[in-house]
2 protein chains.
Amino acid sequence: MSEVQLKEALDSLKDTGVRITPQRHAILEYLINSMSHPTADDIYKALESKFPNMSVATVYNNLRVFREVGLVKELTYGDSSARFDFVTTNHYHVICQTCGKIVDFDYPALDEVEHFAAQVTGFNVSHHRMEIYGDCSECAKKESH
Amino acid sequence: MSEVQLKEALDSLKDTGVRITPQRHAILEYLINSMSHPTADDIYKALESKFPNMSVATVYNNLRVFREVGLVKELTYGDSSARFDFVTTNHYHVICQTCGKIVDFDYPALDEVEHFAAQVTGFNVSHHRMEIYGDCSECAKKESH
DNA sequence: TCTTAGATTGTAATATTTATAAATAGTGTA
DNA sequence: TACACTATTTATAAATATTACAATCTAAGA
Ligand SMILES: [Mn+2]
Ligand SMILES: [Mn+2]
Ligand SMILES: [Zn+2]
Ligand SMILES: [Zn+2]
């Protein structure tokens, strides 16, 4: 299953005229298999044994390329560094304010809100972002002690 | 009207045991009167004629204090610096992807989404954030040329 | 007025991300 | 397969935003 995703991703790069390098292959593979929301530095560290000479700029450059092609979404929060999510199905995120855990969360897209915003503001609306914040069950348990 | 908001804000600081300094007074006043979503540096620059010796650290420190007390909300986007919004009524934001303009936007809070997320993930949900992205009418017009 | 804990200031440090230029390598073509 | 062309990588420096720190100052209660 993840092999299929990787193959489709590589094909979509090829279709856009983006060269497939070993670094790109490895970053995509890591994003697909990790099933998480890693930072650029997470990816850099995870691949440094395989690519001891890879530059961190390469990770950033390729994540931008992947974002532009539509393969990954960039999740930006206030605090620290951006996180990257391999695009599969549309979903939202629930984030623990205590430990930082990010949980995927399926919910129908809020089309009404977009339409309403377009009408009220005159914007040409393209998309929205939403995140839900709280404490995960582990952290909530610890706090109650 | 803004005098009332300023007075209430100062009272709420006093109630929390936060000292009222000229710098804090000025930052709050600016946030309330600007009716916009300034960055820390916007505030710093706007007040430098009045406080030639004020440190940018003071602006950051106080914005954090105000956030902790609940007087301001910090809006963090990917690209540049954080923006700050004096808390009045609950509202969302519509953001122009081209020029960066931020427009306030009233919409009933998405309580259902929060409840659903809590049930599905087991989180103790506290709040959510949502922004709508698109192009404002001016930018959309320019692009069509 | 005096005292003192908290606030401000000036500066250095940290961290993330981007820019740059030289070296390298992927891919289409012959 | 070998070549040529150009995209990509690498290494490093730079830009930017934010925080840490220590010395100085001051708001506010006694
Ligand atoms: Mn996700
Ligand atoms: Mn606002
Ligand atoms: Zn947690
Ligand atoms: Zn615009």
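Naming: A, B, ... by sequence-line order, numbering from 1 per chain.
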- Query: Taking 4.0 angstrom as the limit, do A:K101 and A:E138 come out as a salt bridge?
  - Reply: yes
- Using a strict cut-off of less than 4.0 Å between a Lys/Arg side-chain nitrogen and an Asp/Glu carboxylate oxygen, indicate whether B:E131 and B:R129 qualify as a salt bridge. yes
Starting at [atom1] of [X] and ending at [atom2] of [N], how long is that distance when rounded to a whole Å?
| X | N | atom1 | atom2 | answer |
| --- | --- | --- | --- | --- |
| B:R83 | D:dA17 | CZ | C1' | 13 Å |
| B:Y60 | D:dT16 | OH | C1' | 9 Å |
| B:N53 | D:dA23 | CG | C1' | 15 Å |
| B:N62 | D:dT19 | CG | C1' | 14 Å |
| B:N61 | D:dT18 | CG | P | 13 Å |

Using only heavy-atom distances, determine whether the side chains of [X] and [Y] contain a donor-acceptor pair under 3.5 Å.
| X | Y | result |
| --- | --- | --- |
| A:S126 | B:Q97 | yes |
| B:Y92 | B:H128 | yes |
| A:D42 | A:T39 | yes |
| A:D106 | A:H91 | no |

Pick base, sugar-phosphate or nothing for [X], based on heavy-atom distances below 4.0 Å to the nucleic acid.
| X | result |
| --- | --- |
| B:D41 | nothing |
| A:V18 | sugar-phosphate |
| A:P22 | sugar-phosphate |
| A:A40 | nothing |
| B:T58 | base |
| A:A57 | base |

- Item | Along DNA chain C, first and last positions that approach a heavy atom of chain B under 4.0 Å | C:dA5 to C:dG10
- Task: For the pair A:H115 (side chain) and A:V113 (backbone), establish whether a donor and an acceptor sit closer than 3.5 Å, ignoring hydrogens and angles.
- Result: no
- Item | Residue mapping more 5' on DNA chain C - nearest nucleotide basis, B:G17 or B:V56 | B:G17
- Message: Using heavy-atom distances to pick each residue's nearest nucleotide on DNA chain D, tell me which of B:S81 and B:R19 is more 5'.
- Response: B:S81
